2 protein chains.
Amino acid sequence: MPSRRIADELRERIRRGDYPPGFKLPSERNLAADFSTARNTATAALSILQKEGLVDRKHGSGWYVRTHRPLLRLGSNRYSHALREQTGLSPFRAEVQKQGRTARVDCTSIAPSRPPEVVADRLGVDPDSESVIRRENWYYADDEPVQAGVTYIPLEVAGDSVLATSANMGKGSLYARFKDRGYDLTRVREEICARMPTPEEAERLQMSGGVPVLVVLHTGIDQNNKPFEVTEFVMRADTNALDYNMPIED
Amino acid sequence: MPSRRIADELRERIRRGDYPPGFKLPSERNLAADFSTARNTATAALSILQKEGLVDRKHGSGWYVRTHRPLLRLGSNRYSHALREQTGLSPFRAEVQKQGRTARVDCTSIAPSRPPEVVADRLGVDPDSESVIRRENWYYADDEPVQAGVTYIPLEVAGDSVLATSANMGKGSLYARFKDRGYDLTRVREEICARMPTPEEAERLQMSGGVPVLVVLHTGIDQNNKPFEVTEFVMRADTNALDYNMPIED
DNA sequence: TCAAGCAGCTGGCTCAAGCCAGATGACGTA
DNA sequence: TACGTCATCTGGCTTGAGCCAGCTGCTTGA
């Protein structure tokens with residue numbers, strides 16, 4: 001199987017470091033000649049490596065060994081009261097700045113909405129009416145999109161506060177506003193899965209082939225053990241990792 | 001672009017439910033005829049959908065809409081003392097049985113070993129000598145492999161107990177044995193990322209195309225806030241999800 | 001000196017044809 | 001009835017050809 005042979009050979013060269021991150025691989029036509037196959041076969045070999053997330057293609061330019069970007073590590077401490085009060089920064093901004101990069105968050109829409117099934121279930125609200133405020137956010141590091149987050153807030157929680165009306169959350173950001181309204185973040189539930197991005201996600205997050213997304217369904221729980229907010233994060237897996245540190249409970 | 005057109009059309013049929021989960025799609029040759037293209041193009045279209053994780057191929061049989069398997073949800077409570085004492089089952093077994101499936105765990109090797117860099121760092125042991133016991137486990141649900149786990153235990157923690165010698169951990173399983181030796185699991189750190197599987201992982205976990213893996217680097221921390229065990233889990237993302245519920249700490 | 005333009009690289013995608021290999025079911029034989 | 005065989009489905013993979021489109025750097029002319 002020529003394509004496997006080529007892929008195995010190239011994978012080995014990458015593993016050994018002959019082809020370091022960022023390295024430009026021989027062109028498809030040259031590879032084909034080197035291995036005495038058709039160009040299609042060389043392309044197939046490279047596509048195998050792309051599916052494995054080892055290489056990436058640039059139209060008109062060539063194939064490159066994927067560079068391992070520094071991962072953003074979003075930890076459980078991102079909800080810590082201390083962190084929030086010390087820095088005044090949102091957890092995302094804090095993490096990006098720590099890595100010397102420039103953070104940007106775009107709030108692209110705020111509107112009453114019908115919640116998805118799971119969200120309605122987690123919040124205990126009506127899935128069949130516009131029972132929540134939906135806030136959509138896009139997160140950038142150095143103008144590179146790295147994650148999206150859609151927050152759902154029950155109408156009675158948001159009221160007519162900035163939570164329901166404004167992109168600008170003011171000092172202390174989102175959770176400070178919840179606290180203002182009597183909801184103190186006490187616990188979080190985070191349900192995590194991974195999958196390949198939809199075409200829309202891949203486009204909006206500027207993702208290349210062979211990169212999955214991490215999906216985090218986050219539920220914020222207050223001092224009375226009641227959920228008051230759900231956010232679904234969709235994160236590029238090549239630029240995001242999660243880091244939880246938590247006590248064992250009985 | 002014919003292949004995109006075919007992919008878009010099929011994706012839409014799947015989304016609408018015309019092609020329900022498990023449905024057998026028209027053969028490549030038939031698709032090509034239906035859309036008046038070459039067979040190659042039909043194959044390309046199906047491959048696009050496979051990368052998105054929507055369909056799957058069976059050699060000699062056909063292309064099928066992927067069925068969404070019930071996810072195993074491995075929660076933060078999997079380390080709970082209560083759970084362990086009530087059921088006497090390992091967290092994995094408990095979860096699988098809850099779903100009415102049959103669990104199996106194979107311990108494929110136990111041996112002294114040099115730890116990988118990250119592991120040595122998390123444990124604070126020497127990365128350049130055989131400073132840990134390495135235990136490799138494979139986890140099955142209904143004889144389908146769903147995850148692998150490699151546990152690293154510092155030599156002085158394992159001693160010559162069953163931790164270093166035996167696949168069979170006895171009642172209460174792994175963490176009961178740690179507790180016997182004075183290490184009481186008090187906190188865990190879990191670092192999570194997602195990526196495409198290596199060819200070896202894909203083969204051993206019997207994974208089909210377009211499915212990523214979740215990688216969890218788990219560190220067990222004792223009553224003195226010292227790490228005593230690290231496990232790297234590699235889990236099929238189509239059969240595993242994580243469900244954490246934790247308090248916010250200051 | 002500088003910039004416009006073009007040649008010749010690169011991948012993107014398609015075609016038509018062919019042979020191999022796994023799966024499956026009908027059919028005929030024991 | 002039970003089982004093996006085989007025709008004929010299915011995907012797996014390769015070939016070699018061709019045309020389009022993005023990128024890059026050299027050349028040439030103002």
Side-chain angles (χ1 to χ4, degrees), chain A residues 1-11 13-14 19 22-67 199 202-203 206-211, chain B residues 1-11 13-14 19 21-67 197 199 202-203 206-211:
Chain A
M1 244 177 301
S3 65
R4 297 282 182 84
R5 206 181 99 247
I6 301 176
D8 289 346
E9 173 64 24
L10 295 179
R11 193 186 301 107
R13 291 182 192 169
I14 292 170
Y19 291 174
F23 185 85
K24 178 173 176 174
L25 277 69
S27 73
E28 296 180 354
R29 288 168 177 86
N30 283 339
L31 271 180
D34 292 350
F35 287 87
S36 307
T37 64
R39 183 186 155 205
N40 277 346
T41 304
T43 307
L46 290 163
S47 297
I48 290 172
L49 298 181
Q50 190 191 29
K51 277 179 217 156
E52 293 172 16
L54 290 178
V55 302
D56 207 3
R57 55 176 95 188
K58 282 191 191 140
H59 188 180
S61 175
W63 287 84
Y64 297 83
V65 178
R66 187 164 287 168
T67 55
E203 195 190 353
Q206 292 174 27
M207 298 176 65
S208 42
V211 178
Chain B
M1 241 174 304
S3 65
R4 297 281 181 84
R5 206 180 98 246
I6 301 176
D8 290 345
E9 172 63 25
L10 295 179
R11 193 186 300 109
R13 290 181 192 169
I14 293 170
Y19 291 174
F23 185 85
K24 179 174 176 174
L25 277 68
S27 74
E28 296 180 353
R29 288 169 177 85
N30 283 339
L31 270 180
D34 292 349
F35 287 87
S36 308
T37 63
R39 185 186 156 206
N40 278 346
T41 304
T43 307
L46 290 163
S47 297
I48 290 173
L49 297 181
Q50 189 190 29
K51 278 179 215 155
E52 294 173 16
L54 290 177
V55 302
D56 209 4
R57 54 176 94 188
K58 282 192 191 138
H59 188 179
S61 176
W63 287 84
Y64 298 83
V65 179
R66 186 165 288 168
T67 56
E203 195 190 356
Q206 292 174 28
M207 297 176 67
S208 42
V211 179

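Heavy-atom basis, side chains included; hydrogens, waters and symmetry copies ignored. Not measured: the values here are computed from a predicted model. Naming: A, B, ... by sequence-line order, numbering from 1 per chain.
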Original post:
Base, sugar-phosphate, or nothing for B:Thr43, non-hydrogen atoms under 4.0 angstrom?
Top reply: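 No contact at all - B:Thr43 keeps every heavy atom at 4.0 Å or more from the nucleic acid.
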Whole-Å distance separating the [atom1] atom of [X] from the [atom2] atom of [N]:
{"X": "B:Asp8", "N": "C:dC13", "atom1": "CG", "atom2": "C1'", "answer": "15 Å"}
{"X": "A:Gln50", "N": "C:dC13", "atom1": "CD", "atom2": "P", "answer": "10 Å"}
{"X": "B:Arg57", "N": "D:dG12", "atom1": "CZ", "atom2": "C1'", "answer": "8 Å"}
{"X": "A:Leu31", "N": "D:dG16", "atom1": "CG", "atom2": "C1'", "answer": "17 Å"}
{"X": "B:Lys51", "N": "C:dG12", "atom1": "NZ", "atom2": "P", "answer": "10 Å"}
{"X": "B:Arg5", "N": "C:dG12", "atom1": "CZ", "atom2": "C1'", "answer": "18 Å"}
{"X": "A:Glu28", "N": "D:dA17", "atom1": "CD", "atom2": "P", "answer": "17 Å"}
{"X": "B:Asp56", "N": "D:dG12", "atom1": "CG", "atom2": "P", "answer": "10 Å"}

Phosphate contact ([N] OP1 or OP2) by [X] side-chain N/O below 4.0 Å:
{"X": "B:Ser27", "N": "D:dC9", "answer": "no"}
{"X": "A:Asn30", "N": "C:dC9", "answer": "no"}
{"X": "A:Arg4", "N": "D:dC13", "answer": "yes"}
{"X": "B:Thr41", "N": "C:dC13", "answer": "no"}

Subject >> B:Ser3, nearest nucleotide to its side chain (from D:dC13, C:dC13, C:dA16) >> reply: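 Closest nucleotide among those given: C:dC13.
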Between [X] and [Y], which heavy-atom pair has the shortest distance, and what is it?
{"X": "B:Gly22", "Y": "B:Thr67", "result": "N-CG2, 3.4 Å"}
{"X": "B:Ser3", "Y": "B:Ala44", "result": "CB-CB, 4.1 Å"}
{"X": "B:Lys24", "Y": "B:Ser61", "result": "NZ-O, 3.0 Å"}

Original post:
Hey, what do you get for CG (B:Asp34) to CD (B:Glu9), rounding to the nearest 0.5 Å?
Top reply: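 One gets 10.5 Å once the value is rounded to the nearest 0.5 Å.
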Original post:
Hey, what do you get for CD1 (A:Ile6) to OG1 (A:Thr43), rounding to the nearest 0.5 Å?
Top reply: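 Here the interatomic distance stands at 9.0 Å.
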Subject >> A:Leu54, A:Ile14, A:Val55 screened by side-chain contact (heavy atoms from CB on, under 4.5 Å) with A:Tyr19, the one that passes >> reply: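 Single pass found, and it is A:Ile14.
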Original post:
With a 4.5 Å heavy-atom cut-off, do B:Arg11 and B:Ile48 have their side chains touching?
Top reply: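 Sidechains of B:Ile48 and B:Arg11: in contact.
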Subject >> Base-contact (B) and sugar-phosphate-only (S) positions in nucleotides 17-23 of chain C, heavy-atom cut-off under 4.0 Å, - elsewhere >> reply: BB--BBS
Subject >> Of B:Leu46 and A:Thr37, the one whose closest DNA chain D nucleotide lies more 5' >> reply: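 Its nearest nucleotide being more 5', the pick is B:Leu46.
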